[in-house]
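Below: one structure, written as structure tokens.
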Protein chains: 2
Amino acid sequence: MVAARKLAARKEPRQERSKDTVGSILRATARILTRDGYEGATTNRIAEVAGVSVGSLYQYFPNKDAIVAALIDAHCEEMFEVFRRELVAVAGAGLEVATRAVVSAQIEAHKLNPRLHRVFLEQLPKVGMLKRFHEINRRSELLVRTYLEARRDEMRPANLDLAAFLLVTTVEAVTHAAVIDQTERLDDPDFITEVTALCVRYLAKG
Amino acid sequence: MVAARKLAARKEPRQERSKDTVGSILRATARILTRDGYEGATTNRIAEVAGVSVGSLYQYFPNKDAIVAALIDAHCEEMFEVFRRELVAVAGAGLEVATRAVVSAQIEAHKLNPRLHRVFLEQLPKVGMLKRFHEINRRSELLVRTYLEARRDEMRPANLDLAAFLLVTTVEAVTHAAVIDQTERLDDPDFITEVTALCVRYLAKG
DNA sequence: GGAATATGCGAGTGTTCGCTCACGTTTACT
DNA sequence: AGTAAACGTGAGCGAACACTCGCATATTCC
């Protein structure tokens with residue numbers, strides 16, 4: 001039985017050169033993942049591309065998964081930040097305007113690094129990795145719910161928790177599919193309009 | 001360089017006992033995948049659980065992936081059939097009734113074998129495997145679009161192709177999340193109602 | 001019965017790959 | 001200058017695992 005191993009960094013880099021080493025390792029891993037997919041990302045290959053020895057790699061990461069996990073965390077945080085910033089910015093705006101802005105932001109978030117995003121979601125064989133994406137979704141739902149509650153009287157759905165879940169899941173799935181698998185959808189100027197309609201018509205009364 | 005290998009069966013089973021062998025292998029693989037996840041599914045383990053030797057396994061499957069691929073195909077076909085049957089059954093019904101029925105069917109389809117479904121979508125490291133699921137989605141979109149076109153005058157969206165894409169992607173994502181990750185959502189009697197509302201309000205005029 | 005064919009077996013092979021360890025080099029500090 | 005700590009190296013170990021091959025058994029068909 002292979003027990004779950006710690007994913008925390010084994011040693012903190014203190015000097016400048018060791019921070020460079022860690023940076024090189026992360027950049028190399030991202031590069032390999034986007035170019036060759038998960039299969040190509042062996043520890044020896046990562047070290048080679050990073051211009052570093054395997055030994056150095058294992059001074060700062062306890063195992064291979066920790067490297068990927070660090071990348072995922074950074075990627076998730078970036079994406080979430082794009083979403084969060086836009087939502088906060090339009091918190092005062094009306095439903096239609098706010099929704100459209102947030103949908104656009106979600107598309108932009110997916111465009112940050114689509115190839116890496118794809119590898120994370122489609123090729124990583126470890127269940128633990130996906131949890132990090134689910135957590136982002138839960139955080140997004142919380143933000144959305146707060147927005148909905150502030151305008152409760154304009155909203156048709158009684159259960160705003162459920163509404164937030166449906167909206168976040170929907171927009172995530174639709175933008176993901178469009179950016180990752182059907183880029184041609186994005187050329188359609190109606191795309192954002194229709195996704196916005198999907199959300200707004202669900203939320204608005206009447 | 002490891003070239004892509006053929007996934008077609010190496011030899012067709014002719015006698016009864018060999019058909020049993022193939023069946024045992026497939027059942028064993030499904031069982032291991034649901035119980036232990038992708039990591040546990042080694043060829044030796046599959047053979048052992050199936051009560052068969054590795055050699056026999058390789059008489060009917062050219063490689064490990066072919067076994068998993070066969071399972072995925074069967075699983076996808078089952079799920080799609082649940083969806084298709086219901087859609088055909090309610091093709092004559094009104095928008096609200098039909099939508100509700102199809103959403104329920106999608107939930108049922110996901111309940112066929114949630115654990116296996118999860119492993120397929122979350123743990124398989126090969127990109128090729130996911131294509132099979134995307135293809136089902138495309139087939140579903142086609143069916144939905146046909147329904148929408150038959151009632152074009154009741155529909156608000158001008159682009160029914162885009163509408164079908166949005167609906168299928170949405171319902172798939174929402175039912176998937178509910179069945180796989182948030183089973184408690186299904187206890188909420190409003191769940192189906194709200195998902196139906198999401199679709200119907202998007203489609204209907206006014 | 002017996003030849004031909006289909007099926008079954010499983011120890012072993014070759015390779016891949018995560019990871020260690022013993023040793024060299026650089027930096028920080030006194 | 002001298003010492004300790006931090007950093008870097010890469011050959012190679014050990015285990016896992018997909019897959020083969022030579023041979024045994026069962027079935028079919030004449």
Q) Please give, in whole Å, the distance from dA6(D) P to Q15(A) CD? A) 9 Å
Q: Report yes if a side-chain nitrogen or oxygen of T21(A) is closer than 4.0 Å to either non-bridging phosphate oxygen (OP1 or OP2) of dG8(D); otherwise report no.
A: yes
Q. What's the shortest heavy-atom distance between L71(B) and A30(B), and which atoms?
A. CD1-N, 3.6 Å
Q: Would you mind reading off the distance between N44(A) atom CG and dT15(C) atom C1', rounded to a whole angstrom?
A: 14 Å
Q) Just to confirm, is there a sub-4.0 Å distance from OP1 or OP2 of dT7(C) to any side-chain nitrogen or oxygen of S18(B)? A) yes
Q.
Taking side-chain contact (heavy atoms from CB on, under 4.5 Å) as the definition, give me every residue that meets it alongside Q123(A), ordered by chain and number, with sequence neighbours left out.
A. Y38(A), V119(A), V127(B)
Q: Considering just the side-chain nitrogens and oxygens of Y60(B), establish if one lies under 4.0 Å of OP1 or OP2 belonging to dG8(C).
A: yes
Q | Contact nearer the 5' end of DNA chain C, comparing D20(B) with V54(B) | A | D20(B)
Q. Does a side-chain N or O from Y58(A) land closer than 4.0 Å to OP1 or OP2 of dT20(C), or not?
A. no
Q: Provide the closest heavy-atom pair for D161(A) versus R185(B) in the form atom of the first, atom of the second, distance.
A: OD2-NH1, 3.2 Å
Q) NA contact type, S56(A), heavy-atom cut-off 4.0 Å: base, sugar-phosphate, or nothing? A) base
Q. Quick one: which of dC9(C), dG18(C), dT9(D) gets closest to the side chain of V52(A)?
A. dT9(D)
(Q) Taking the minimum atom-to-atom distance to the side chain of R14(A), which one of dC19(D), dA6(D), dT7(C) wins? (A) dA6(D)
Q.
Can you give me the closest heavy-atom contact between A91(B) and Y147(B), atom names plus distance?
A. O-CE1, 3.4 Å
Q) At their closest point, which heavy atom of T29(B) faces which heavy atom of I25(B), and how far apart are they? A) OG1-O, 2.7 Å
Q | Between dC19(C) (P) and K64(A) (NZ): distance, integer Å | A | 8 Å
Q | For atom CD of E12(A) and atom P of dA5(D), their distance in whole Å | A | 19 Å
Q. Under 4.0 angstrom, heavy atoms only, what part of the nucleic acid is R17(B) near: base, sugar-phosphate, or nothing?
A. base
Q.
Without decimals, in angstroms, what is the distance between N63(A) CG and dC17(C) P?
A. 17 Å
Q: Grab the CD-P distance between Q59(A) and dT26(C) for me, whole Å please.
A: 15 Å
Q. Within this structure, what is the NZ-to-P distance between K19(B) and dT27(D), rounded to whole angstrom?
A. 15 Å
Q | Distance, rounded to the nearest Å, where I67(B) contributes CD1 and dC19(D) contributes P | A | 9 Å
Q) Under 4.0 angstrom, heavy atoms only, what part of the nucleic acid is T43(A) near: base, sugar-phosphate, or nothing? A) base
